[in-house]
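Worksheet for the structure shown next.
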Amino acid sequence: MVRVRYAGAPSGDLHLGNIRTALFNWMFARHEGGTFIWRVEDTDPERAKQELIDRAAETMRWVGIDWDEGPFRQSERGDYYASIVSRLLEDGWLYRCYCTRDEIKARGVSSGYDRFCRTRTDQPDAPFALRFKAPDRDVVVHDRLAGEVRTPASEVQDFVAVRSDGSVVFALANTADDIAMEITHVLRGADILNAATSNVLLFEALGAAPPEFVHVPLILGPDRSRLGARHGAVGTLAYRDGGYLPEALTNYLSLLGWAPGTGEEIMSLERRVELFSLDGLQTSNAVFDIKKLEWMNEEYIKTLPVDELRDRIVALDPSIPRDVLQQALDMELLQTRIKTLAEVRDAMRYLYERPPASEVAEEARATLSMLASKLETSDWSVEAIRDAVQSTVEELGLHRRRGPKPIFVAIAGSEKALPLYESIYIIGRDEALARLRAAMSVA
RNA sequence: GCCCCCGUAGUGCAGCGGCCUAGCACGCUGGCCUUUCACGCCGGUAGCACGGGUUCGAAUCCCGUCGGGGGUACCA
């Protein structure tokens with residue numbers, strides 16, 4: 001029975017890397033019919049805030065991840081850790097260390113610990129941490145992706161397991177919880193591959209078999225450093241606010257470090273669960289490419305039912321008039337023209353708000369003028385409007401393609417806009433005439 | 001510095017010793033379609049990091065170099 005967890009510090013908004021890790025765990029659990037557990041590593045009191053957890057939960061729900069157990073908070077599991085610590089103490093795995101980092105450095109130790117306190121017999125009246133008595137041999141971590149990762153004996157450290165304030169350190173809480181929760185597979189970022197050595201030592205000391213480790217490669221920014229704040233929008237919710245569909249975002253994220261092996265790229269959550277396998281996991285880091293995400297979002301938008309699309313646009317931006325939006329959507333003006341939901345507003349704004357009149361070329365006046373007079377008496381249908389525009393262009397001997405440009409400018413405020421006939425139809429006869437006249441009078 | 005991981009076009013993937021004149025997708029780009037902009041369709045672009053082996057044969061296996069990333073905390 002597969003039991004996996006997403007364990008992270010609630011550092012506010014879960015960033016893309018966190019979500020991808022959660023996603024991999026979740027997809028794996030769902031594929032295997034296993035259990036997905038959410039654990040919050042908030043031993044640091046600064047991080048033990050309910051609002052942070054709420055926000056993390058909001059993020060998880062938005063992307064479609066649900067959890068079978070949890071969220072378990074490490075900040076509430078102190079008693080359990082204390083029992084683990086006393087066990088370790090009884091079995092002789094821990095020893096008191098009174099050294100401060102400065103003292104260690106003063107001894108000429110640049111990194112790691114020289115085991116100074118390991119053999120000391122006195123017990124000074126000073127604060128102490130508890131260090132783990134690491135064995136004097138190579139330690140091997142069996143990782144699904146990296147293989148047998150061997151840490152040479154000289155690099156194996158007597159790491160601090162309990163801080164001088166009595167709180168337990170990440171490796172300890174992490175391992176203790178994985179044992180208690182009977183975790184079978186640990187999928188996490190490769191940034192803590194090295195830390196797995198401490199985990200393995202602790203599993204052994206506690207007489208538990210280590211889970212299968214799967215350290216997934218990291219997501220990098222365009223500059224190839226680990227994706228982080230310096231790369232701009234990295235919080236997952238920022239993508240919701242930016243008009244990305246969660247299914248597109250998670251689809252894209254899933255492909256960063258994993259491939260189904262079928263060549264498929266656009267896959268629903270269900271399909272991804274169906275295809276997910278540890279075998280498809282990648283061993284090298286992946287660069288986050290916003291362009292491909294945009295493309296994928298576009299693809300998802302294109303296949304969304306109109307009503308669904310409308311609801312999502314309104315949910316994101318309630319200020320957009322629903323009736324106008326509905327018309328634009330029904331006339332298929334928007335769906336193939338936006339990469340994100342957030343673009344809708346600017347794309348269709350001129351349909352319900354008169355754009356500032358911009359200057360039109362002198363020669364264009366005749367065009368606008370003739371069209372205006374045709375529109376005054378024309379039937380009010382897209383077909384009739386098309387006839388009016390086309391006949392104007394023909395009668396004035398204008399270029400078939402370039403001829404209507406001034407009309408776009410007059411109506412939409414730009415040469416690039418949604419389809420003209422429908423736009424004119426939607427804004428209505430009075431408004432259309434007013435805009436044409438306004439454009440003529442600017443010059 | 002030391003330790004660990006990784007290395008196929010700009011990016012993400014496929015390739016698992018001969019089927020590779022290295023495939024797909026994004027990007028970029030030419031064209032068609034078209035009332036603008038898009039969509040769609042057709043085409044182009046660019047790569048096995050380098051050097052040694054092993055082998056009849058290597059993108060695929062081995063070694064080295066170089067390059068990238070991560071770690072080196074009483075952070076996770």
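In what follows, every heavy atom counts, from backbone to side chain, and hydrogens, waters and symmetry copies are set aside. Lettering follows sequence order; numbering is per chain, from 1.
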Open item on the list: With ring pair (Phe, Tyr, Trp, His ring centres under 6.0 Å) as the rule and sequence neighbours excluded, what pairs involving residues 274-303 of chain A come up?
Closed with: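 Every pair satisfying ring pair (Phe, Tyr, Trp, His ring centres under 6.0 Å) with a residue in residues 274-303 of chain A: A:Phe24-A:Phe276, A:Tyr252-A:Phe288, A:Trp258-A:Phe276.
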
Open item on the list: Strictly by ring pair (Phe, Tyr, Trp, His ring centres under 6.0 Å), give each pair with a member in residues 122-169 of chain A just once, sequence neighbours left out.
Closed with: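 Residue pairs with at least one partner in residues 122-169 of chain A: A:Trp93-A:Phe132, A:Tyr98-A:Phe128, A:Phe132-A:Phe159.
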
Open item on the list: Which residue in the set A:Thr236, A:Leu255, A:Leu253, A:Leu14 passes side-chain contact (heavy atoms from CB on, under 4.5 Å) when paired with A:Arg20?
Closed with: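 Looking at A:Thr236, A:Leu255, A:Leu253, A:Leu14, the match for A:Arg20 under the side-chain contact (heavy atoms from CB on, under 4.5 Å) is A:Leu253.
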
TODO: Encode nucleotides 36-41 of chain B as B, S and - characters from 5' to 3', where the letter depends on protein heavy atoms closer than 4.0 Å: B to the base, S only to sugar-phosphate, - to neither.
DONE: BBBSS-

What pairs of donor and acceptor atoms, side-chain ones from residues 348-357 of chain A against any protein atom, are under 3.5 angstrom apart with sequence neighbours left out?
| from | atom 1 | to | atom 2 | distance (Å) |
| --- | --- | --- | --- | --- |
| A:Arg349 | NE | A:Glu353 | OE1 | 3.0 |
| A:Arg349 | NH2 | A:Glu353 | OE1 | 3.4 |
| A:Tyr350 | OH | A:Leu418 | N | 3.1 |
| A:Tyr350 | OH | A:Ser423 | OG | 2.7 |
| A:Arg354 | NE | A:Glu431 | OE2 | 2.8 |
| A:Arg354 | NH2 | A:Glu431 | OE1 | 3.0 |

Task: Sequence-distant partners of A:Phe170, ring pair (Phe, Tyr, Trp, His ring centres under 6.0 Å), two or more places apart - done: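 Not a single residue meets the ring pair (Phe, Tyr, Trp, His ring centres under 6.0 Å) criterion with A:Phe170.
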
Open item on the list: I'd like to check the ring pair (Phe, Tyr, Trp, His ring centres under 6.0 Å) partners of A:Phe408; sequence neighbours left out, ordered by chain and number.
Closed with: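 For A:Phe408, no residue satisfies ring pair (Phe, Tyr, Trp, His ring centres under 6.0 Å) once neighbours in sequence are set aside.
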
- [ ] Could you tell me which residues satisfy side-chain hydrogen bond (donor to acceptor under 3.5 Å, both in side chains) with A:Ser369, sequence neighbours excluded, listed by chain and number?
- [x]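 Checked A:Ser369 against side-chain hydrogen bond (donor to acceptor under 3.5 Å, both in side chains); zero matches.
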
Show the atom names and distances, to 0.1 Å, of all donor-acceptor pairs under 3.5 Å that link a side chain in residues 218-232 of chain A to residues at least two apart or in another chain.
| from | atom 1 | to | atom 2 | distance (Å) |
| --- | --- | --- | --- | --- |
| A:Asp223 | OD1 | A:Ser225 | N | 3.0 |
| A:Asp223 | OD1 | A:Ser225 | OG | 3.0 |
| A:Asp223 | OD1 | A:His231 | NE2 | 2.7 |
| A:Asp223 | OD2 | A:Ser225 | OG | 3.3 |
| A:Asp223 | OD2 | A:His231 | NE2 | 3.4 |
| A:Ser225 | OG | A:Arg230 | NH1 | 3.1 |
| A:Ser225 | OG | A:His231 | NE2 | 3.4 |
| A:Arg226 | NH1 | A:Asp191 | OD2 | 2.9 |
| A:His231 | ND1 | A:Gly228 | N | 3.0 |
| A:His231 | ND1 | A:Gly228 | O | 3.4 |

Open item on the list: Within residues 284-295 of chain A, which residues have any heavy atom lying less than 4.0 Å from an atom of RNA chain B?
Closed with: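 Of all residues in residues 284-295 of chain A, the ones placing a heavy atom under 4.0 Å from RNA chain B are A:Ser284, A:Asn285, A:Ala286, A:Val287, A:Asp289, A:Lys291, A:Lys292, A:Trp295.
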
TODO: Could you list by number each residue of residues 422-429 of chain A showing a heavy-atom separation from RNA chain B of less than 4.0 Å, or answer none if no residue does?
DONE: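 Those residues are A:Glu422.
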
Which pairs would a plain distance check flag for residues 107-114 of chain A, meaning a side-chain donor or acceptor within less than 3.5 Å of a matching protein atom at least two apart in sequence or in another chain?
| from | atom 1 | to | atom 2 | distance (Å) |
| --- | --- | --- | --- | --- |
| A:Arg107 | NH1 | A:Asp114 | OD1 | 2.8 |
| A:Arg107 | NH1 | A:Asp114 | OD2 | 2.7 |
| A:Tyr113 | OH | A:Phe116 | N | 3.4 |
| A:Tyr113 | OH | A:Cys117 | N | 3.0 |
| A:Asp114 | OD1 | A:Phe116 | N | 3.1 |

Pairs under 3.5 Å (N/O, protein and nucleotides 45-50 of chain B):
none

